Amino acid sequence: MPQTPGRADCDQIELESRPSKRTKHSSMRSIDWRGLARAFVFFWYFSAVTHVLLFFSGATGFLPLRQGFVFSLLWLVPLLLFPNRARPISAAIGVVLGLGALINLGYFSIYGQEFSQSVLFIVFESNPAEASEYVDQYLKWWMFPGLIAFCAGAYRLWRGIRPLAMAPAGRYLTIAVILAGLFLQPTYKVLRKRGLDPAKYLEAIGNRMEPAVPWQFVIGYARYREQLAGMEALREHTERIPPIENLIDQRAGQPGTIVLLIGESTSRLHMSLYGYGRPTTPKLEALRDQLTIFDQVYAARPYTIEALQQILTFADQQNPDLYLTRPSLMSIMKQAGYRTYWITNQQTLTKRNTMLTNFSEQMDEQVYLNHQRSQNSYSFDSNVLEPLQNILKDGAERRFIVVHLLGTHMRYKYRFPPEFAVFRDGSGLPEWASSEHAEMIDEYDNAVRYNDHVVSSVIGSLAAADKASLLVYFSDHGEDVYDTPPHDFIGRNEAKPTPPMYAVPFFLWTSPQWRGEAPGDLAAARSRPYQLSHFIHTWADLTGLRFAGYEPDKSLINPAFREREILVGNPADQKSLLDLRQLLKPPAATRP
Ligand SMILES: [Zn+2]
């Protein structure tokens, strides 16, 4: 019977894998370390090249490199199952990994960032013509030799792969060790933390695998679909909210550019503008005469989404669901005839940020600047300046621009470029700051100093535009950077509130041409205790708008202002809400 050529090929491979009957026994070791190592290096190569570049360019931390390394082990499993077919199997896997790696490398060489699900969002949402313009603009000659070198490297590593000379016991043991190493620890961790919840489990495993090629595409796409469904539901809901009733615009027909600059995790207790000991805000201090500074303003909640959900809508701690039924500040501005813009340096499409993206979609134009997968990545806030300056030149008469910064969000060391690392070695910090704490406080203060640069540059851009302009700046919430005795906590925790988590900067800047409503006695308003959840009422006074639901006694700058409780805590549990003013009282004297 004639043999088919395919069958003959297979036999050849079989023969290659068994050099001779005589040496067979000695070569079938329990574990073929060299063979495994060569195959592993080949698989890892496709993740490692991008991760090493990302790490050394400072775009990401060490974690993606580590996860890429760990999850490259997974590809050894098919080789261990079919040791004689090591070369064709690894070639097939290599083609898939190689394509993924090329997308990652291409993206890195253009943007200097890690590919993420937010990129998929941008890709699918922007039109194909725009996308091809990008490619034209960024395609550089050196990318071709780079591509050839990368493929040559992969080919060379693949040439080193040979059939694994391992006895079955050794192969199955190795498979067991690899799978246990990859999945046992995360399984244990998830089970211990969340119990038996398959969705949470998949999510946790997904988070670990995502940095390794090609999982970021698989997981990224799944997440993109999931977010899209959530966003679609939210969008439909928002579209059904009726417009605001009884809208009166006291500035109707007057030109003006109104900027709402939203900071992130910046506590006023770390700003020298508010009396902090280190010079963290020199540029804003130089502008002090032009600012109206309020020094008793507190966040609604210590988390971005929850805070902004109240700040930008009628919702507050006692009526937390009003954002679902009443129009937002953005839609009111649009209804008042402003051209509306949303510039953000926050991540666009993470699970948490769906609400923010929904807010941004209520505007006429959006500029999304941060496509990083991880919050712990560099995306400096100065990125907002160029799009802002472009908008200021677009000829619109009346504009409302929201600029959402990444501010001083954790990890602080990712929030400022090296030239802003002015605070070092804990110099000038109080005695309680141990060296480990001092490092974090230094990083936070450097981030505050960089934020000072960004905020003052935004004001500078508005001043240079030389038009009637108003800017309002506040941070969504604060941050406790070991500030509260016994100085052992960093971050925010709604269950254990401390004043630094809520104490935010709040100030106004207006250009000389701005003619707004004379908002009463501003000097008297400066030290009023005020919670940002009622901001929409202050906004009405600032912009000269009147509408159904406006309450002058909830406006910080209105003569009718009435001091209220600063309610902190989760509004889903109304009984747990606490008046922050109780924590602000100086502690009872303990000295004899
Ligand atoms: Zn925040």
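Atoms within a ligand are numbered from 1 in the order they appear, just like the ligands themselves. What you are looking at is a predicted structure, and each value in this text was computed from that prediction instead of being measured.
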_Regarding His409, does it place an N, O or S atom less than 2.8 Å from the Zn ion (ligand 1)?_
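It does not; every qualifying atom lies at 2.8 Å or beyond.
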_Restricting to N/O/S atoms, is Ser265 within less than 2.8 Å of the Zn ion (ligand 1) or not?_
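No, since none of the N, O or S atoms of Ser265 sits under 2.8 Å from the Zn ion (ligand 1).
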*asked:* Using the ring centroid of each side chain, check whether Phe474 and Phe535 are separated by less than 6.0 Å.
replied: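 Yes, they do, as the ring centres are separated by less than 6.0 Å.
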*asked:* One thing to verify: whether Arg225 and Glu232 come together as a salt bridge, which I'm taking to mean a side-chain N less than 4.0 angstrom from a carboxylate O.
replied: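 Salt bridge: no.
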*Does Glu264 pair with Arg415 as a salt bridge, N-O distance under 4.0 Å?*
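Looking at Arg415 together with Glu264, the answer is no, because their closest N to O distance does not fall below 4.0 Å.
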*asked:* The criterion is side-chain contact (heavy atoms from CB on, under 4.5 Å); which residues satisfy it with Ile490, sequence neighbours excluded?
replied: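 Partners of Ile490 under the side-chain contact (heavy atoms from CB on, under 4.5 Å) test: Met410, Tyr412, Met440, Val481, Tyr482.
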*For Tyr276, ring pair (Phe, Tyr, Trp, His ring centres under 6.0 Å) partners two or more places apart*: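 Tyr276 satisfies ring pair (Phe, Tyr, Trp, His ring centres under 6.0 Å) with His270 only.
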_Apex the Zn ion (ligand 1); atoms Thr304 OG1 and His477 NE2; angle rounded to 10 degrees_ =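 Angle OG1(Thr304)-the Zn ion (ligand 1)-NE2(His477): 130°, rounded to 10°.
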*Starting from the Zn ion (ligand 1), look over the N/O/S atoms of Asp476 and name the nearest one.*
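For Asp476, the N, O or S atom at the smallest distance from the Zn ion (ligand 1) is OD2.
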_What is the name of the N/O/S atom of Glu264 that is nearest to the Zn ion (ligand 1)?_
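Looking only at N, O and S atoms of Glu264, the one nearest the Zn ion (ligand 1) is named OE2.
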